[in-house]
Amino acid sequence: MKTVLDKIYENYADNDRELLLSAYRYSEMMHEGQKRASGEPYFTHPCAVAEILIDLGMDTPSVAAAFLHDVIEDTSATGEDIRAHFGEEILTLVDGVTKLDKIRYASHEEEDAENFRKIFVAMANDVRVIIIKLADRLHNMRSLNFLSNERQQRISKETLEIFTPLAGRLGISQIKCELEDLCLKYLDPESYEYLVTNIHQKLAERRSFVDFVVNELKKILAEGGIKGEVFGRPKHFYSIYKKMKKQEKSLDQIYDLSAVRVIVATTEECYEVLGKIHKQWKPVPGRIKDYIATPKRNMYQSLHTTVVTNFGQFFEIQIRTQEMHKMAEFGIAAHWKYKEQKTSETGFDQRLSWIRDVMDWQGSLNDSKEFVDSLKNDLYSNELLVFTPHGKVISLPLEATPVDFAYAIHSEVGNKCVGAKVNSRIVALNSALHTGDVVEILTSPTTKGPSWDWLKFVKSGSARAKIRTFFKREMKEENAKTGRVMLEAEAKRRGYNLADILTEESFNKLSQKLVFSSVNEMMASIGYGAVSVNQVIFKLIDYYKKEIPKPQELLSSDKLKHSPATTVAIKGLSGLLVKFAHCCNPVPGDKIVGFVSRGRGVIVHRADCPNLKGEDGERLHPAQWTGEDAEFIAGIKIIADNDDGLAAFITSEISALHINMTAINGRVNREKNAEFEIKIKLNKRSDMDLLVNRLKKDRRIIDVFRTTN
């Protein structure tokens with residue numbers, strides 16, 4: 001068996017060879033003494049990664065970077081060392097693959113998400129980064145049996161979710177197929193062993209049938225005077241596994257365990273051979289696919305047909321030219337492997353276009369996990385091919401909508417979209433498109449922009465990010481208002497007043513985590529969806545609870561302080577200062593509890609106040625109302641149809657109950673409903689309940705509820 005050194009001498013000459021040998025020796029020196037989980041010297045790993053890249057035909061800097069890809073992360077070597085020894089280009093490749101191990105993350109998920117984002121940023125500048133990373137992952141998967149079952153599962157799941165579709169999108173089927181089979185081995189070992197055993201048992205029978213098909217096809221080529229190659233290819237285990245799962249069939253019911261390929265010289269001969277095959281054998285309806293006229297998103301080209309023999313056996317035939325075959329096997333790596341035969345950069349640029357597309361929209365996603373989720377959505381989706389009215393093919397994810405199509409054409413087409421025609425018929429913007437549809441987007445120069453509701457049904461990460469970008473750039477002021485309303489509502493739902501928990505100090509702490517330059521920017525980010533309400537509210541509540549002094553000791557006093565709190569008795573305690581909590585504003589009639597704090601006596605909360613969750617039970621004491629001789633401020637919020645005379649009705653109801661109103665604020669919300677926030681003075685809860693019930697009887701009132709401020 002040839003070693004990596006043998007392959008270097010065989011495939012590279014002169015200066016290239018010397019550079020690779022230098023990288024080999026440097027990596028060997030830096031990794032000296034390190035071991036892998038298998039007990040092997042760690043240096044075997046970079047050698048194996050380099051060997052995979054040599055077999056793919058990658059260029060000298062890529063292979064050198066493979067030798068060096070772990071030295072910054074796992075040894076004392078620095079980026080400056082790599083630059084000094086091997087130059088800027090190789091350092092850029094190594095740095096693109098190096099994990100962000102110096103940064104601490106809350107979870108593996110967050111760390112992996114940030115790593116993927118970094119890889120894509122580097123890949124946008126140089127696609128070789130991801131090819132090196134794929135080779136690195138392939139060798140790690142080959143030696144996964146030495147790790148714990150938990151790590152095997154986690155790494156295999158990550159590989160199947162991210163790296164195998166990446167390899168597929170880059171067209172590197174060699175790596176994609178092997179990665180998928182290795183993932184299946186660890187994610188569903190029983191199914192993997194079943195396939196290995198049973199497919200092997202039928203190997204002789206399958207070979208006999210494939211040989212028959214190959215010989216028949218060779219006769220067809222010879223009779224037509226067409227020169228070409230014909231050979232059989234066993235389908236890899238994971239593709240068979242997926243077909244069994246999707247079609248709910250047993251292995252005995254899967255007939256096309258092998259595919260036969262026909263390689264000819266020209267595109268014209270591909271179609272000629274297809275016609276001759278259909279004359280010889282009956283094609284299966286719906287199983288003829290022309291990827292030559294409409295290539296896949298990774299620029300894969302081939303003709304596929306499934307036919308059935310005269311004795312009822314189904315099998316698949318793929319027909320392509322030699323150039324198409326190289327691209328199908330090596331994908332984007334063929335750019336380097338067959339560089340001397342390359343006629344133009346057009347195909348290479350087309351293969352990279354989707355990467356540039358990802359980078360166009362990734363900048364609008366502040367959260368790395370959201371970026372990875374959007375990326376998965378694009379990578380996973382089987383594609384559908386639709387057409388513009390001028391016949392241009394647009395590739396979209398399955399179940400994509402006219403809005404996805406509009407943004408695939410251009411951001412401005414999406415932003416100005418007001419309707420769509422599919423096959424000359426007006427359709428709803430959330431309609432699912434189908435392969436072969438002709439789509440026309442109707443635009444208007446006067447439209448204000450996309451609808452936020454579009455985010456509920458678009459399927460492509462690109463469209464989703466472009467919609468968010470519009471709201472981020474064009475509607476900052478409105479977004480800030482929306483974000484504030486959302487944050488206030490969520491704070492109220494959790495029993496807090498936003499003004500209490502969003503202080504200058506808490507915002508400064510929050511901005512250290514989420515990098516906001518101002519409160520307005522934070523509100524706008526919530527409004528257009530760059531960060532979620534929960535991301536902000538959880539941190540604000542956490543800071544707020546930490547600021548409330550925790551009970552450490554009881555303060556004694558010779559005399560109970562006279563205040564409205566004299567209407568409250570705390571069981572088991574006396575002589576303490578009693579105050580009411582501002583977070584929940586209890587009023588007579590509410591179930592209450594006393595919380596013993598440090599330096600502040602007893603603070604009376606509503607029993608259901610969320611602030612008390614997780615507190616030490618020994619510091620909570622039962623409390624009860626002892627009188628109704630004091631007045632308390634309470635707040636209510638009213639949401640109603642925006643109708644003339646509504647404000648007058650509300651104030652008259654409050655006045656009829658002899659309740660004093662201290663403040664009233666009204667506005668029209670986003671749903672065009674009227675909202676009133678009212679402060680009233682009470683000395684018992686029953687007054688509040690009576691007022692709420694009277695207001696709710698009016699047909700214009702949508703909702704009435706008590707607020708916490």
Side-chain angles (χ1 to χ4, degrees), residues 168 171 173-174 176-177 199-200 202-237 239-240 242-243 247 249 251-296 298-331 334 337-338 341 343 347 385 393 435-436:
S173 63
Q174 286 189 354
K176 175 181 180 288
C177 293
I199 289 176
H200 181 74
K202 297 182 179 182
L203 191 61
E205 177 185 336
R206 194 164 71 254
R207 278 179 178 167
S208 175
F209 173 71
V210 170
D211 288 344
F212 160 75
V213 173
V214 168
N215 288 331
E216 289 297 307
L217 287 171
K218 286 180 176 178
K219 290 179 184 177
I220 290 173
L221 292 182
E223 289 170 1
I226 300 170
K227 292 183 179 179
E229 302 175 60
V230 185
F231 54 88
R233 172 192 66 88
K235 292 194 172 180
H236 66 295
F237 297 132
S239 67
I240 298 170
K242 278 202 306 183
K243 183 170 287 191
Q247 299 178 5
K249 291 182 176 180
L251 184 61
D252 291 335
Q253 294 173 300
I254 303 296
Y255 299 110
D256 51 345
L257 295 178
S258 298
V260 178
R261 285 181 181 153
V262 180
I263 313 297
V264 293
T266 67
T267 300
E268 291 75 13
E269 288 178 339
C270 290
Y271 289 102
E272 185 179 350
V273 170
L274 179 68
K276 292 180 180 297
I277 289 171
H278 288 170
K279 187 177 180 181
Q280 175 82 4
W281 293 302
K282 186 177 180 179
V284 177
R287 295 294 301 272
I288 304 169
K289 298 174 183 176
D290 186 348
Y291 294 119
I292 294 179
T294 54
K296 290 187 178 183
N298 62 7
M299 302 307 295
Y300 170 91
Q301 289 185 288
S302 189
L303 295 177
H304 291 196
T305 183
T306 299
V307 296
V308 58
T309 65
N310 299 331
F311 47 88
Q313 180 70 59
F314 292 81
F315 62 97
E316 183 185 72
I317 302 174
Q318 299 170 359
I319 311 163
R320 59 181 71 144
T321 67
Q322 187 64 43
E323 192 65 29
M324 294 173 192
H325 183 60
K326 292 172 183 175
M327 291 297 175
E329 291 297 299
F330 296 98
K337 189 174 183 71
Y338 300 103
Q341 299 175 22
T343 57
L385 301 173
V393 180
T435 293

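Heavy-atom basis, side chains included; hydrogens, waters and symmetry copies ignored.
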Got Ile288 and His278 here, is their nearest side-chain heavy-atom distance under 4.5 Å?
yes
Begin from the C-alpha positions of Glu216 and Trp281 and carry the test side-chain contact (heavy atoms from CB on, under 4.5 Å) through to its verdict.
CA-CA 11 Å; Glu216 289 297 307; Trp281 293 302; 3.5 Å; yes
For the [atom1] atom of [X] and the [atom2] atom of [Y], what is their distance to the nearest 0.5 Å?
X	Y	atom1	atom2	value
Ile317	Leu217	CD1	CG	4.5 Å
Thr267	Leu303	OG1	CG	8.5 Å
Glu229	Gln322	CD	CD	5.5 Å
Arg261	Met324	CZ	CE	14.0 Å
Thr266	Lys227	OG1	NZ	13.0 Å
Ile292	Gln301	CD1	CD	6.5 Å

Under 3.5 Å: donor-acceptor pair, side chain of Gln313, backbone of Thr309
no
Using only atom types and a distance under 3.5 Å, with no angle test, would you say the side chain of Ser302 pairs donor to acceptor with the backbone of Ile319?
yes
Which class fits the ring pair Tyr300 and His304: parallel under 30°, tilted 30 to 60°, perpendicular over 60°?
perpendicular
Going through the distances and angles, do Val210 and Phe315 end up as a side-chain contact (heavy atoms from CB on, under 4.5 Å)?
CA-CA 9 Å; Val210 170; Phe315 62 97; over 6 Å; no
